[in-house]
Q: 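Quick one: structure below, then a few questions.
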Amino acid sequence: MVSRNTACWKKQVTQTGQASASIAISFLVVAPLVLSTALAPAQADDTHNHSDETGFYVGLDGLEVFPTGTYAGLENPNYNRLTLLFAHRNEDTPESSHFHGIGAYSYLGSLDNLTINSTNTNNRIPESYSEQAPLTLLPGTEFYTGRLISTPTDKEYSNLTIEPIASLKTSKELDNQYLFNSSNGRWQSSLEGANIGLQLASISSGLNIGDSAGVDIVKSVGDIYTIGSGDNFSFTPTFWTDAAAPLGTYSASFKLVDLGTDNHRIPFKESGTFNFDFEVKAVPESSTVLGLGIVGLLALSLSRLQKLTRSSLN
């Protein structure tokens with residue numbers, strides 16, 4: 001009987017040892033996953049990935065008179081002006097895809113006391129009504145190593161590429177066709193002959209704007225950088241701060257201007273003023289997150305081992 005119990009006990013110990021080894025191996029396999037998870041960027045709340053689609057366009061407002069609304073019948077103060085547009089695409093119902101004018105010229109006041117405002121209430125990116133937080137500046141690479149930069153993510157508004165409306169004209173995507181033809185063709189006018197400049201109107205201390213090579217493009221209020229000409233261009237500004245920049249919100253405001261005056265051409269009118277908002281956030285140290293993950297895995301492993309040992313001894 002003693003011999004049998006001893007053999008049984010040895011078998012249980014052997015099984016427990018094998019289980020411990022299995023748990024240890026599992027821990028070694030899972031630990032790197034904790035690290036990769038800790039270093040992965042946070043995912044957006046929605047499932048649509050906005051990182052690879054152009055959201056911003058330069059259009060020319062072709063609406064002369066407001067047909068409806070409070071100011072129906074009045075001339076549109078934004079008519080024939082360059083306008084920054086943001087595209088709201090809807091893949092499920094592409095016919096509902098549309099543009100929002102960002103910072104377009106608008107009216108203020110009652111009909112008997114009108115003033116023209118060089119912006120509108122929808123003049124911020126991310127758009128205020130969306131209640132989305134400012135775009136997070138993330139660690140840069142290559143030319144932007146040691147800096148925090150604007151980066152396309154799955155968050156709406158994060159892809160800052162700017163193109164002319166005409167870039168949508170030949171697109172085979174149904175939502176892009178609806179965008180191009182939206183508002184009864186209001187934004188379809190050609191930009192041929194125009195040289196589109198991005199003029200800095202204001203900027204937070206510590207925030208900078210560069211190009212793809214890491215060269216700052218505008219440094220002082222009033223500076224203008226040509227982003228492209230006519231109906232065929234693509235430009236992506238990079239907003240950046242030093243990696244050690246204080247936490248908080250950083251903003252820059254701009255307007256679009258037409259610098260094309262060749263052959264006595266009359267430039268398009270400048271756009272209203274629009275703003276881009278960014279934030280520098282505290283990011284947990286990867287070592288801290290990894291440590292918490294390891295502690296959790298150890299606790300889970302020990303708990304499983306204790307349960308297995310108690311089961312073996314019963």
Q: Suppose we screen for ring pair (Phe, Tyr, Trp, His ring centres under 6.0 Å). Which residues come up paired with Phe276, at least two apart in sequence or across chains?
A: Phe56, Phe239
Q: Between Gln132 and Glu156 (side chain of the first, backbone of the second, donor and acceptor by atom type, cut-off under 3.5 Å), is there such a pair?
A: yes
Q: Is the shortest heavy-atom distance from the side chain of Ile224 to the side chain of Leu259 under 4.5 Å?
A: yes
Q: Looking at Tyr105, I'd like to know if the NZ or CZ of Arg81 sits under 6.0 Å from its six-membered ring centre while staying within 45 degrees of the ring's axis.
A: yes
Q: Can you name the nearest heavy-atom pair linking Ala133 to Pro126, along with the distance?
A: O-CG, 3.3 Å
Q: Quick check: does any side chain N or O of Ser158 sit under 3.5 Å from a backbone N or O of Thr153, one acting as donor and the other as acceptor?
A: yes
Q: Please determine, by modelled atom types, if Ser202 and Ser253 share a side-chain donor-acceptor pair under 3.5 angstrom.
A: yes
Q: Is any side-chain heavy atom of Leu191 closer than 4.5 Å to one of Leu60?
A: yes
Q: Is there a path of hydrophobic side-chain contacts, each under 4.5 Å between heavy atoms of I/L/V/M/F/W/Y residues, joining Leu179 to Leu63?
A: no
Q: Classify the side-chain pair Asp61/Thr83 by whether it contains a donor and acceptor separated by less than 3.5 Å.
A: no
Q: Using 0.5 Å steps for rounding, measure from the CZ atom of Phe235 to the CD1 atom of Ile217.
A: 3.5 Å
Q: Of all the heavy-atom pairs spanning Gln188 and Ile165, show the shortest one and how long it is.
A: CA-CG2, 4.5 Å
Q: Can you see which heavy atom on Ala252 is nearest to which on Leu200, and at what distance?
A: CB-CD1, 4.5 Å
Q: Taking the side chain as C-beta and beyond, is there a heavy-atom pair between Leu74 and Leu111 under 4.5 Å?
A: yes
Q: So which atom in Ala245 and which in Tyr250 form the shortest heavy-atom distance, rounded to 0.1 Å?
A: CB-OH, 3.7 Å
Q: Got Ile102 and Glu127 here, is their nearest side-chain heavy-atom distance under 4.5 Å?
A: yes
Q: In Å, rounded to the nearest 0.5 Å, how long is the span from CG of Leu114 to CG of Asp112?
A: 8.0 Å
Q: Apply the hydrophobic cluster definition, ILVMFWY joined by side-chain contacts under 4.5 Å directly or through others, and give me every member besides Leu174.
A: Tyr178
Q: On a heavy-atom basis, which atom in Ala282 and which in Leu247 lie closest, and how many Å separate them?
A: N-CD2, 3.7 Å
Q: For the pair Ser189 (side chain) and Gly62 (backbone), establish whether a donor and an acceptor sit closer than 3.5 Å, ignoring hydrogens and angles.
A: no
Q: To the nearest 0.5 angstrom, please state how far the CD atom of Glu173 sits from the CD atom of Glu53.
A: 10.0 Å
Q: Sequence neighbours left out, what passes salt bridge (charged side-chain N to carboxylate O under 4.0 Å, His left out) with Glu270? Give chain and number order.
A: Lys255
Q: Under 30°, 30 to 60°, or over 60°: which ring-plane class applies to Tyr71 and Tyr107, parallel, tilted or perpendicular?
A: tilted
Q: Tell me, do Leu135 and Asp277 make a side-chain contact under 4.5 Å, heavy atoms counted?
A: no
Q: Give a yes or no answer on whether the side chain of Asp216 reaches the backbone of Val218 with a donor-acceptor pair at less than 3.5 Å.
A: no
Q: Verify the distance criterion only: is there a donor paired with an acceptor across the side chains of Asn113 and Ser110 at less than 3.5 Å?
A: no
Q: Report the C-alpha distance between Ser234 and Thr161 in whole Å, list the side-chain angles of each, state the deciding distance to 0.1 Å, and finish with yes or no for side-chain contact (heavy atoms from CB on, under 4.5 Å).
A: CA-CA 7 Å; Ser234 182; Thr161 298; 3.3 Å; yes
Q: Verify the distance criterion only: is there a donor paired with an acceptor across the side chains of Ser171 and Asn176 at less than 3.5 Å?
A: yes
Q: Atom OG of Ser182 and atom CD of Glu95: how far apart are they, to the nearest 0.5 Å?
A: 13.0 Å
Q: Applying the 4.5 Å side-chain criterion to the ILVMFWY set and letting contacts propagate, would Val221 and Ile209 be lumped into a single cluster?
A: no
Q: Determine, for Phe268 and Arg265, whether the Lys NZ or Arg CZ falls below 6.0 Å from the six-membered ring centre while staying within 45 degrees of the axis.
A: yes
Q: Could you tell me whether the side chain of Leu198 reaches within less than 4.5 Å of the side chain of Val257, counting heavy atoms only?
A: no
Q: Enter the distance from His100:NE2 to Ile125:CD1 here, rounded to the nearest 0.5 Å.
A: 10.0 Å
Q: Over 60° means perpendicular and under 30° means parallel, so classify the ring planes of Phe99 and Tyr57, tilted if in between.
A: perpendicular
Q: Quick one: does Ser150's side chain get under 4.5 Å of Leu137's, heavy atoms only?
A: yes
Q: Report the distance from atom CH2 of Trp187 to atom CG of Asn181, rounding to the nearest 0.5 Å.
A: 14.5 Å
Q: Just wondering, do Lys155 and Tyr157 contact through their side chains at under 4.5 Å, heavy atoms?
A: no
Q: Hydrophobic clusters here meaning ILVMFWY residues chained together by side-chain heavy-atom distances under 4.5 Å, can you tell me if Tyr144 and Val215 are in one?
A: no
Q: Would a single hydrophobic cluster contain both Val58 and Tyr225, if residues Ile, Leu, Val, Met, Phe, Trp and Tyr are joined by side-chain heavy-atom contacts under 4.5 Å?
A: yes
Q: Donor-acceptor check, side chain of Gln199 to backbone of Asp223, threshold 3.5 angstrom: yes or no?
A: no
Q: In terms of hydrophobic clusters joined by side-chain contacts under 4.5 Å, are Ile149 and Phe278 together?
A: no
Q: With no hydrogens and no angle check, do the side chains of Asn195 and Ser229 hold a donor and an acceptor under 3.5 Å apart?
A: yes
Q: Which pair of non-hydrogen atoms, one from Thr261 and one from Pro267, has the smallest distance, and what is that distance?
A: CG2-CG, 3.6 Å
Q: Counting distance only, does the side-chain N/O of Ser190 pair as donor-acceptor with the main-chain N or O of Glu192 below 3.5 Å?
A: yes
